[in-house]
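A short worksheet on the structure shown next.
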Amino acid sequence: MSSSLLPITTERLRLRAHTAADAGWLQRVYGRPDVALYLLDEPWTAELAAVKVSERIARVDLDGESRGLALAVERDGEAIGDVVLWRTGPDARLAEIGWVLDPAHGGHGYAREAVSALLTLAFEHYGLHRVAAQMDARNTASARLAEAVGMRREAHLRANWWSKGEWTDTLIFGALLTDR
């Protein structure tokens with residue numbers, strides 16, 4: 001991705017590449033048990049946040065070595081979440097998307113605005129054919145968000161993932177270039 005495409009600005013948000021300085025707020029958000037409940041990792045420690053932010057810093061282009069794009073979401077200069085897009089499988093036109101928003105900023109449409117912007121980039125700049133989102137089925141807020149940005153619910157996999165001591169269900173949503 002050309003650095004001239006970053007940051008991405010929307011009506012109320014700025015999506016930018018991550019920096020090392022993001023470790024603190026990422027740990028604060030991902031360290032919350034109510035956020036980590038639906039994610040693969042346990043709540044983040046400061047040490048894990050440092051590792052995770054370095055991984056995000058490297059994800060700056062779907063066409064680059066990392067095959068991913070990780071962006072911090074800012075509102076009025078304050079980081080409030082992040083969105084990630086990464087290529088999946090051998091076909092370069094398939095990707096998966098993920099998002100986390102600080103619950104303190106929920107209910108204002110910020111996640112929808114950020115995810116919509118990233119999907120637009122995925123289809124219009126990168127020419128992707130399909131973008132999928134997989135999530136813990138208990139995460140009803142993320143399911144509503146996926147639907148709100150035009151993704152279609154394609155599957156509900158029952159008890160298919162062992163997570164934090166229990167079998168959980170997975171929802172899979174998808175969006176196609178032809179849906180837009």
Side-chain angles (χ1 to χ4, degrees), residues 1 5-18 22 25-41 44 52-53 56 59-62 68-88 93-157 168-180:
M1 172 178 211
L5 292 177
L6 291 178
I8 298 167
T9 56
T10 67
E11 183 179 332
R12 302 177 295 165
L13 304 173
R14 180 175 177 260
L15 284 65
R16 60 160 175 82
H18 280 279
D22 292 329
W25 71 263
L26 283 167
Q27 190 277 321
R28 185 177 42 49
V29 173
Y30 282 83
R32 291 177 56 138
D34 60 330
V35 171
L37 175 64
Y38 302 125
L39 303 176
L40 299 178
D41 294 321
W44 288 10
K52 295 291 188 176
V53 78
R56 280 167 167 73
R59 288 182 143 186
V60 293
D61 190 353
L62 283 185
L69 181 61
L71 302 174
V73 177
E74 291 184 341
R75 166 87 172 127
D76 295 330
E78 177 187 3
I80 62 170
D82 68 341
V83 291
V84 184
L85 183 70
W86 65 97
R87 293 196 188 268
T88 58
R93 295 189 59 212
L94 302 176
E96 191 166 337
I97 191 169
W99 52 79
V100 168
L101 183 75
D102 183 340
H105 297 277
H108 301 286
Y110 301 138
R112 180 179 181 169
E113 194 171 322
V115 172
S116 291
L118 193 55
L119 284 171
T120 296
L121 183 74
F123 292 117
E124 293 181 9
H125 176 75
Y126 287 107
L128 296 181
H129 166 70
R130 172 183 163 77
V131 176
Q134 296 188 51
M135 64 199 66
D136 187 310
R138 300 170 297 178
N139 191 344
T140 57
S142 275
R144 283 192 309 272
L145 174 58
E147 290 173 341
V149 298
M151 301 184 88
R152 294 185 187 173
R153 183 172 155 173
E154 299 177 338
H156 183 148
L157 307 176
T168 61
D169 293 3
T170 300
L171 295 179
I172 300 173
F173 288 83
L176 301 176
L177 175 61
T178 55
D179 293 339
R180 300 189 73 76

Candidate list Val115, Val83, Ile8, test side-chain contact (heavy atoms from CB on, under 4.5 Å), partner Val73, passing option = Val83
Sole candidate of Ile172, Ile97, Leu145 that passes side-chain contact (heavy atoms from CB on, under 4.5 Å) when paired with Met151 | Ile97
Please tell me if the side chains of [X] and [Y] come closer than 4.5 Å, counting only heavy atoms from C-beta onward.
| X | Y | answer |
| --- | --- | --- |
| Trp25 | Glu78 | no |
| Leu94 | His129 | yes |
| Trp44 | Lys52 | yes |
| Tyr38 | Met135 | no |
| Leu13 | Ile80 | yes |
| Leu171 | Asn139 | no |

Has Arg28 got more than 12 heavy atoms of other residues, nucleotides or ligands less than 6.0 Å from its CZ?
-> yes
Arg152 atom CZ: more than 12 heavy-atom contacts under 6.0 Å = no
Strictly distance-based, threshold 3.5 Å: is any side-chain N or O of [X] a donor or acceptor partner for the main-chain N or O of [Y]?
| X | Y | value |
| --- | --- | --- |
| Arg93 | Gly127 | yes |
| Asp179 | Leu176 | yes |
| Glu113 | Arg12 | yes |

To the nearest 0.5 angstrom, please state how far the [atom1] atom of [X] sits from the [atom2] atom of [Y].
| X | Y | atom1 | atom2 | result |
| --- | --- | --- | --- | --- |
| Leu69 | Leu5 | CG | CG | 9.5 Å |
| His156 | Asp169 | NE2 | CG | 3.5 Å |
| His18 | Leu71 | NE2 | CG | 6.5 Å |
| Arg112 | Trp99 | CZ | CH2 | 12.0 Å |

Between Asp102 and Tyr110, do the side chains contain an N or O donor and an N or O acceptor separated by less than 3.5 Å?
-> no
Of the non-hydrogen atoms in [X] and [Y], which two are nearest, and what is the gap between them?
| X | Y | answer |
| --- | --- | --- |
| Ala175 | Phe123 | O-CZ, 3.5 Å |
| Leu26 | Asp82 | CD2-OD2, 3.9 Å |
| Ser116 | Arg180 | O-NH2, 4.4 Å |
| Ala95 | Leu85 | CB-CD1, 4.0 Å |
| Leu15 | Ala117 | CD2-CB, 4.4 Å |
| Ala70 | Val84 | CB-CG2, 4.2 Å |

Note: Glu154-Arg130 ion pair, threshold 4.0 Å (strictly below) = yes
Can a salt bridge be assigned to the pair Arg56 and Asp22 using a cut-off of 4.0 Å between side-chain N and carboxylate O?
-> no
